[in-house]
Amino acid sequence: MMNIMHLALRRLDLNLLPVFDAIYRHRSVRRAADELAMSTSALSHALSRLRITLDDPLFYREGHHMCPSVYATQLAPSIASALKFLNQELAPQPEFKATDSTERLQIAITDFTAFCIFPALMHKLQHEAPGLRFELLYLPHTPALTELLAGEVDLALGFSTPDEIRHPELEEISWFEDEYVVISNKSRTSLTLDDYLAARHLVVTPWNEKQGVMDLQLEQMGYTRQIAIKTPSMLSAPFIVAESDLLMALPRFAAEKLMHSAEINIFALPFSIPLFEVKIYSHSRSGKRGATSWLKTTLQMLAKEVNSGR
């Protein structure tokens, strides 16, 4: 069965469309040839081919002008619009200039990764890229392969999990690592492993995971803990801990910042666990390569500043 897709286009040399457009606008073979950097004879030959293909005279001479036929007049707006669109889409992307950019980047986050990164990032960008805009979207899962591939987000800020699978289509950057600590209300003065196992716990599960990283580690050690609350958001968690007997494990970076807002104490985690690691995920086919590349580089530099200042 013959493929009839784009049948009209397949019989036409698309290089002839700029010739048509130039003659229509200038009403002159000579001026059209000058614009296209062609000789008048080459342009006349191209017009002859176009006339044969479209089976219409298209232009006829009237004095010193080339006047369009009725069919040419009908075609002209569509051809001009199509050429303008293609020229804009196919033109080389301008070099990204952070100080002048007003681009909007969509970034998938959890409230924790936003808390870790965006205060320091926005402080830095208010001078280096004041017009750059962000739309923060909650990360539905990690590492957001589908959303990155579909272009729904430009970057994803997540954290590594024990069951994480590396995707070859994703580029990932380790932003920073931190140790886990435990927070409690102000009345607690010490924390042993027995204390930890005997207590009730609040667990933040941004993707409604069945098990948090602490539970997976404790399971390997032959222990379990009593979970009183699971929540996808970290916002209320330290305040719940401050007003209850619950414990909560979280990275030290966040715990120390939260001490200024909530009445909590910080304790070392009474067992060993791999470090918490925040990652930046991107896709190699991002449609905003200049902006995302610049932002990833900026985030890497910022990570060094944040880590050195801790």
Side-chain angles (χ1 to χ4, degrees), residues 105-122 134-150 152-165 167 170 172 174-185 196 199-219 224-264 266 269 273-282 299:
L105 294 175
Q106 293 178 298
I107 301 183
I109 53 128
T110 66
D111 57 357
F112 183 79
T113 54
F115 178 75
C116 283
I117 292 175
F118 268 85
L121 178 63
M122 295 312 293
F134 298 95
E135 182 177 350
L136 304 186
L137 308 168
Y138 273 108
L139 185 65
H141 47 80
T142 187
L145 174 64
T146 304
E147 291 76 14
L148 286 162
L149 182 59
E152 295 172 3
V153 296
D154 301 299
L155 293 175
L157 307 180
F159 50 85
S160 58
T161 58
D163 58 348
E164 180 177 312
I165 300 173
H167 294 273
L170 285 186
E172 61 179 62
S174 178
W175 195 72
F176 89 128
E177 294 181 335
D178 199 7
E179 64 175 348
Y180 282 98
V181 296
V182 180
I183 60 172
S184 74
N185 64 33
Y196 186 87
R200 299 187 307 148
H201 297 264
L202 182 152
V203 181
V204 176
T205 53
W207 306 294
N208 296 311
E209 306 96 304
K210 290 183 179 179
Q211 284 186 302
V213 293
M214 298 294 152
D215 300 290
L216 291 170
Q217 183 65 30
L218 288 169
E219 188 177 86
T224 59
R225 61 177 178 169
Q226 183 184 175
I227 297 174
I229 298 178
K230 277 188 176 182
T231 174
S233 173
M234 192 188 70
L235 180 62
S236 61
F239 301 98
I240 294 173
V241 169
E243 298 295 330
S244 68
D245 64 350
L246 301 180
L247 300 181
M248 176 186 174
L250 74 168
R252 180 176 291 279
F253 176 86
E256 290 177 350
K257 282 187 173 292
L258 291 169
M259 283 188 73
H260 302 296
S261 303
E263 293 291 317
I264 56 175
I266 299 177
L269 188 70
I273 191 169
L275 293 174
F276 174 84
E277 183 181 14
V278 173
K279 290 185 176 181
I280 302 167
Y281 299 95
S282 62
L299 284 168

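Fair warning: this is a prediction, and the values are worked out from it, not measured in the lab. Just so it is clear, the values below take in all heavy atoms, side chains as well, and ignore hydrogens, waters and symmetry mates.
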Can any side-chain N or O of T110 pair as donor or acceptor with the backbone N or O of P206 at less than 3.5 Å? no

Nearest heavy-atom neighbours spanning H201 and L246: N-CD2, 4.1 Å

P251: partners by side chain to side chain contact (heavy atoms under 4.5 Å, CB included), with sequence neighbours left out: F112, D178, Y180, F276

Got a sec, which residues hit side chain to side chain contact (heavy atoms under 4.5 Å, CB included) with S236, two or more places apart in sequence or on another chain? I240

Just to verify, what does E243 make a side chain to side chain contact (heavy atoms under 4.5 Å, CB included) with, not counting sequence neighbours? none

Measuring from atom CG of L299 to atom CZ of F176, what distance do you get when rounded to the nearest 0.5 angstrom? 12.0 Å

Side chains of Y196 and L269 in contact at under 4.5 Å (non-hydrogen atoms): yes

Looking at every heavy atom in both V181 and R252, which two are closest together, and how far apart are they? CG1-NH2, 3.3 Å

How far apart are the closest heavy atoms of A114 and P119, and which atoms are they? O-CD, 3.3 Å

For the CG atom of L137 and the CD1 atom of I107, what is their distance to the nearest 0.5 Å? 9.0 Å

Output all residues satisfying salt bridge (charged side-chain N to carboxylate O under 4.0 Å, His left out) with D111, sequence neighbours left out; order by chain, then residue number. none

Specify the closest pair of heavy atoms between S261 and F239, including all atoms of both residues, with the distance to one decimal. O-CE2, 3.5 Å

Sequence neighbours excluded, which residues qualify as side chain to side chain contact (heavy atoms under 4.5 Å, CB included) partners of E152? E147, A150

Does the side chain of V204 come within less than 4.5 Å of M248's, by heavy atoms? yes

Working to the nearest 0.5 angstrom, can you tell me the gap between N185 CG and I264 CD1? 10.5 Å

For F118, the ring-ring contact (aromatic ring centres under 6.0 Å, His included) test, sequence neighbours excluded, returns F134

Counting only heavy atoms from other residues, nucleotides and ligands, does the tally under 6.0 Å from NZ of K230 exceed 12? yes

Can you find a pair of side-chain heavy atoms, one from V203 and one from R225, that are under 4.5 Å apart? yes

